[in-house]
Amino acid sequence: MEKPIIAANWKSNKTVGESLEWLKKFSDLAKDAGLLKNKTVILCAPYTNLYPLKLEVAKLGIPILLGAQDVSPYAEGAYTGQISARMIKDIAEWVIVGHSERRKYFNEHDEDLARKVEQIKTAGLKVIYCVSDKGMPVPEGVDIVAYEPLWAIGTGKTDTPENAAETVQSIKAKTGISLALYGGSVNKGNVGGFLKTGSIDGVLIGGASLEADSFAGLISASV
Ligand code: PGA
């Protein structure tokens, strides 16, 4: 396998101050243990935290990439409250689209999601696109697919590595996308099982990314 991809999704958590505290602590742990040498780490933070994080990441010289958790389906313009892909391009490289929480609580449907992916690609950003089973459509242009069964998100229950591997293989074959993540209650104790399958290229982490030390522990177990 190439370098494992470890993507953190903080969801709707952390003030600017808390996010910078997390980064300082994580950077110290990661540097001491040489944790980031063979890993690709993407930190998907709330919009409000991305610019301060970008400045601090550069100052600390820590090799992590930043991502947003959503994007407007429209280009810039009269869309009050929306953050366009071009605005994100200034401060991050990745965007998560289609997370099940966006689908459930904000009624996002396949058509909206395809529009978001189009905006992201036009701006030159990369997409992590979430699906909860192998039958869900994936728009053109997606860089990484994340398979996250609904019942595994935030529940402490995970899919088996075998079933997750079979699911991502079938998504890869159907879409032609070469990179896939598993997400849903991944922690430092179970991450290795998913990565060892060979067909899962990385993991998408919610709860276990919120504390710097548990996230650092998870990265160190990601072999
Ligand atoms: P969890 O969340 O790790 O807390 O289960 C995963 C996700 O929602 O991406």
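Both counts, for ligands and for their atoms, begin at 1 and track the order of listing. Predicted model only: the values in this text are computed from it and were never measured.
- Distances between N or O atoms of Ile153 and those of ligand 1 include no value under 3.5 Å.
- Judged purely by atom type and a 3.5 angstrom limit, Asn190 uses its side chain to pair as donor or acceptor with the backbone of Ser185.
- For the pair Gly207 and ligand 1, the shortest N or O to N or O distance falls below 3.5 Å.
- Between Tyr129 and Leu113 there is a side-chain heavy-atom pair separated by less than 4.5 Å.
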Step-by-step salt bridge (charged side-chain N to carboxylate O under 4.0 Å, His left out) determination, Glu56 to Lys59: CA-CA 5 Å; Glu56 205 57 24; Lys59 203 159 108 193; 3.6 Å; yes
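- No donor-acceptor pair under 3.5 Å is formed between the side chain of Tyr74 and the backbone N or O of Gln82.
- Of all heavy-atom pairs spanning Tyr47 and Ala68, the tightest one is CE2-CB, 3.9 Å.
- Distances between N or O atoms of Gly206 and those of ligand 1 include at least one value under 3.5 Å.
- Heavy-atom contacts from other residues, nucleotides or ligands closer than 6.0 Å to NZ of Lys31 number more than 12.
- With ligand atoms numbered from 1 in the order given, ligand 1 contributes 5 (O) to contacts under 4.0 Å with heavy atoms of Gly184.
- Note on ligand 1: Ser209 sits outside its first shell, no heavy atom being nearer than 4.0 Å.
- The distance from ligand 1 to the heavy atoms of Ala152 drops below 4.0 Å at these ligand atoms: 5 (O).
- Remark: among candidates Lys11, Lys157, Glu101, the nearest residue to atom 8 (O) of ligand 1 is Lys11, based on non-hydrogen atoms.
- Taking a cut-off of under 4.0 Å to the non-hydrogen atoms of Gly154, the atoms of ligand 1 that pass are 1 (P), 4 (O), 5 (O).
- If you look at Ser100 next to ligand 1, there are no close heavy atoms at all, none under 4.0 Å.
- Protein heavy atom at the shortest distance from atom 9 (O) of ligand 1 is Glu148 OE2, 2.6 Å.
- For the side-chain hydrogen bond (donor to acceptor under 3.5 Å, both in side chains) with Glu108, the lone residue among His99, Arg103, Lys116 that qualifies is Lys116.
- Here is the list of ligand 1 atoms found below 4.0 Å of a heavy atom in Ser185: 1 (P), 3 (O), 5 (O).
- A tilted orientation is assigned to the rings of Phe215 and Phe26, their planes being inclined by 30° to 60°.
- For ligand 1, the atoms closer than 4.0 angstrom to any heavy atom of His99 are 7 (C), 8 (O), 9 (O).
- Atoms of ligand 1 lying under 4.0 Å from at least one heavy atom of Leu204, given by number and element, are 9 (O).
- The backbone N or O of His109 sits less than 3.5 Å from a side-chain atom of Asp112, completing a donor-acceptor pair.
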